[in-house]
Amino acid sequence: MQEIYDAIQKSAIVIAEMIAHDDSGYSENQNATGDTQLELDIRSDKVIEEAFAPLTSIKELASEEKEGPHPLHAGGKYLIGYDPLDGSSLADVNLSVGSIFGIYENDYSGKNLKAAVYVVYGPRIEMVTADENGVQLYRVARDNRFHFIRKLSLGTQGKLNAPGGTQKNWAPWHKELIDGFFAEGYRLRYSGGMVPDLHQILIKGGGIFSYPGTSDVPKGKLRKVFEVFPFAFVYEKAGGEAIDGRQRLLDLECAHIHDTTPCFFGSKEEIKKVRNVYANH
Ligand code: AHM
Ligand code: MG
């Protein structure tokens, strides 16, 4: 596993340079979900693929930016599902973006996720790993290398509310849930990048991030393999919970690697409220 973390760190340094200095414009291509890819999406995907290619422990890669799985080493143990540059459309407005990695065994189901990692490219470059050692924060120092900072955990309740999805298309009960949090004093924190938004809640010790099913997109926007399962794993390891409204996200299967699901990540008290509201719908 350590060699996978090392490869992620190596690729993160290169991607951070690209974000800082290179063109953030669109390419001519679309990805499997139909989003027009940025040059940065395509190039980050390539950097990560090249960093993983020599690692014999990796059997296969699946990227948000690739149509299907990409085989590496037949005898490898791990399958890696990754989003090379999540929230990439925020690069041109100079907001934080991130890379997300799920390290799976056998298949891309939630129960087979063994470790999760994300990198935040913001004013600082940080990496969070989640595995049997818990959740750990690393940061790039002046020597351009990642250094361990501290362990991370969530309190049982927080103060931040990050509500995703187009409000016009929310179900009435979802609107009640979100309004309820604000009525209790929660503060809005939503940048439109799930990596910095979930990172903020984790660093500040609690809160709720939601991306529900809506009338136009009943299964939500966020992809299970590349985005949702890895963050569900991080939040659970940090002492929080992650559900689709009723069910634990990591109990969900995955029929197709680009499948999406409604998702809620947070500390225990907030997720209890989500369960109460969604139980009847
Ligand atoms: P992307 O993978 O195409 O960048 O999309 C994922 C991003 C997430 O980071 C974020 O939570 C969500 O899309 C924001 O969507 P919206 O613009 O609907 O709020
Ligand atoms: Mg993404």
Side-chain angles (χ1 to χ4, degrees), residues 12 15 18-19 24-27 29-45 48 61-67 80-102 108 116-122 126 128 160-171 174-175 178 188-202 207-235 242 244 249 254 256-266:
I15 293 170
M18 284 169 23
I19 296 166
S24 61
Y26 283 96
S27 72
N29 309 332
Q30 289 196 335
N31 67 13
T33 318
D35 305 325
T36 304
Q37 292 172 304
L38 295 170
E39 288 294 340
L40 282 175
D41 290 320
I42 298 170
R43 291 175 54 211
S44 312
D45 189 25
I48 293 168
L61 302 177
S63 164
E64 187 178 300
E65 303 304 336
K66 288 183 176 59
E67 189 76 41
I80 303 190
Y82 67 98
D83 183 351
L85 203 56
D86 183 73
S88 52
S89 65
L90 297 172
D92 64 349
V93 288
N94 204 6
L95 283 173
S96 298
V97 295
S99 301
I100 313 168
F101 304 85
Y108 296 100
V117 179
Y118 67 83
V119 178
V120 196
Y121 310 99
E126 294 187 324
V128 171
L160 307 182
N161 186 10
T166 308
Q167 297 193 23
K168 166 168 92 73
N169 302 324
W170 283 355
H174 185 77
K175 184 171 165 42
I178 299 300
L188 174 66
R189 292 290 184 271
Y190 190 76
S191 74
M194 77 180 300
V195 178
D197 288 338
L198 282 161
H199 188 57
Q200 177 164 204
I201 292 169
L202 186 56
I208 171 93
F209 173 100
S210 48
Y211 207 105
T214 51
S215 56
D216 55 334
V217 203
K219 292 196 158 177
K221 173 185 184 186
L222 299 176
R223 297 92 178 165
K224 290 177 180 173
V225 172
F226 319 115
E227 297 163 329
V228 173
F229 290 162
F231 269 111
F233 192 89
V234 172
Y235 266 55
D244 69 354
L249 287 165
C254 193
H256 187 274
I257 56 166
H258 292 278
D259 280 355
T260 61
T261 177
C263 52
F264 300 81
F265 309 85

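Keep in mind that the numbers below use all heavy atoms, side chains included, and drop hydrogens, waters and symmetry copies. Counting starts at 1 for both ligands and their atoms, following the listed order.
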(request) Enumerate the atoms of ligand 1 whose separation from the nearest heavy atom of D83 is less than 4.0 angstrom. (result) 2 (O)
(request) Can you pull out the closest protein heavy atom to atom 19 (O) of ligand 1? Residue, atom name and distance to 0.1 Å, please. (result) Y190 OH, 2.5 Å
(message) Does only the side chain of T166 get under 4.0 Å from ligand 1, or the backbone, or both, or neither? Count heavy atoms.
(response) neither
(request) Taking the side chain as every heavy atom from C-beta outward, state whether P230 and Y118 have any pair of such atoms under 4.5 Å apart. (result) no
(request) Just need the protein heavy atom nearest to atom 3 (O) of ligand 1, so name the residue and atom and give the distance. (result) D35 OD2, 3.7 Å
(request) Using atom types as modelled and distance alone, determine if a side-chain donor or acceptor of S191 lies under 3.5 Å from a backbone N or O of D197. (result) no
(request) To the nearest 10 degrees, could you say what angle the Mg ion (ligand 2) makes with OE1 of E64 and OD1 of D86? (result) 150°
(request) Can you pull out the closest protein heavy atom to atom 10 (C) of ligand 1? Residue, atom name and distance to 0.1 Å, please. (result) G192 O, 3.3 Å
(message) Any donor-acceptor pair under 3.5 Å linking the side-chain atoms of D244 with those of T261?
(response) no
(request) With heavy atoms of G193 as the reference, note each atom of ligand 1 found under 4.0 Å away. (result) 9 (O)
(request) Report the relative orientation of the aromatic rings in F265 and Y235; use parallel for angles under 30°, tilted for 30 to 60°, perpendicular for over 60°. (result) perpendicular
(request) If you have a sec, work out which protein heavy atom is nearest atom 15 (O) of ligand 1 and how many Å separate them, to one decimal? (result) K221 NZ, 3.2 Å
(request) Quick one: closest heavy-atom pair of P262 and G213, and the distance? (result) CB-N, 3.5 Å
(message) I want to confirm something. Looking only at heavy atoms, which of M194, E227, E65 is nearest to atom 8 (C) of ligand 1?
(response) M194
(request) Could you grab the angle centred on the Mg ion (ligand 2), going from OE2 in E227 to OD2 in D83, to 10°? (result) 110°
(message) Can you tell me how far apart CD1 (I19) and CG (D92) are? Round to the nearest 0.5 Å.
(response) 12.0 Å
(message) Looking only at protein heavy atoms, which one is nearest to atom 9 (O) of ligand 1, and what is the separation?
(response) D86 OD2, 2.5 Å
(message) Heavy atoms only, cut-off 4.0 Å: how does F209 contact ligand 1, side chain, backbone, both, or neither?
(response) side chain
(request) Considering non-hydrogen atoms only, spot the tightest contact between L38 and S89 and give its length. (result) CD1-N, 3.8 Å
(request) Do me a favour and list the nearest non-hydrogen protein atom to atom 2 (O) of ligand 1 with residue, atom name and distance? (result) E64 OE2, 2.8 Å
(message) Return the CG to CZ distance between L249 and F231, rounded to the nearest 0.5 Å.
(response) 13.0 Å
(request) Say whether G164, considering both its backbone and side-chain N or O atoms, lies within less than 3.5 Å of an N or O atom on ligand 1. (result) no
(request) Taking all non-hydrogen atoms of both residues into account, name the closest pair between C254 and F229 and its distance. (result) CB-CE1, 4.3 Å
(request) For atom 18 (O) of ligand 1, grab the closest protein heavy atom and report residue, atom and distance to one decimal in Å. (result) Y211 OH, 2.6 Å
(request) If you have a sec, work out which protein heavy atom is nearest atom 4 (O) of ligand 1 and how many Å separate them, to one decimal? (result) G87 N, 2.7 Å
(message) Would you compute the distance between atom CD1 of I48 and atom OG of S63 and round it to the nearest 0.5 angstrom?
(response) 7.5 Å
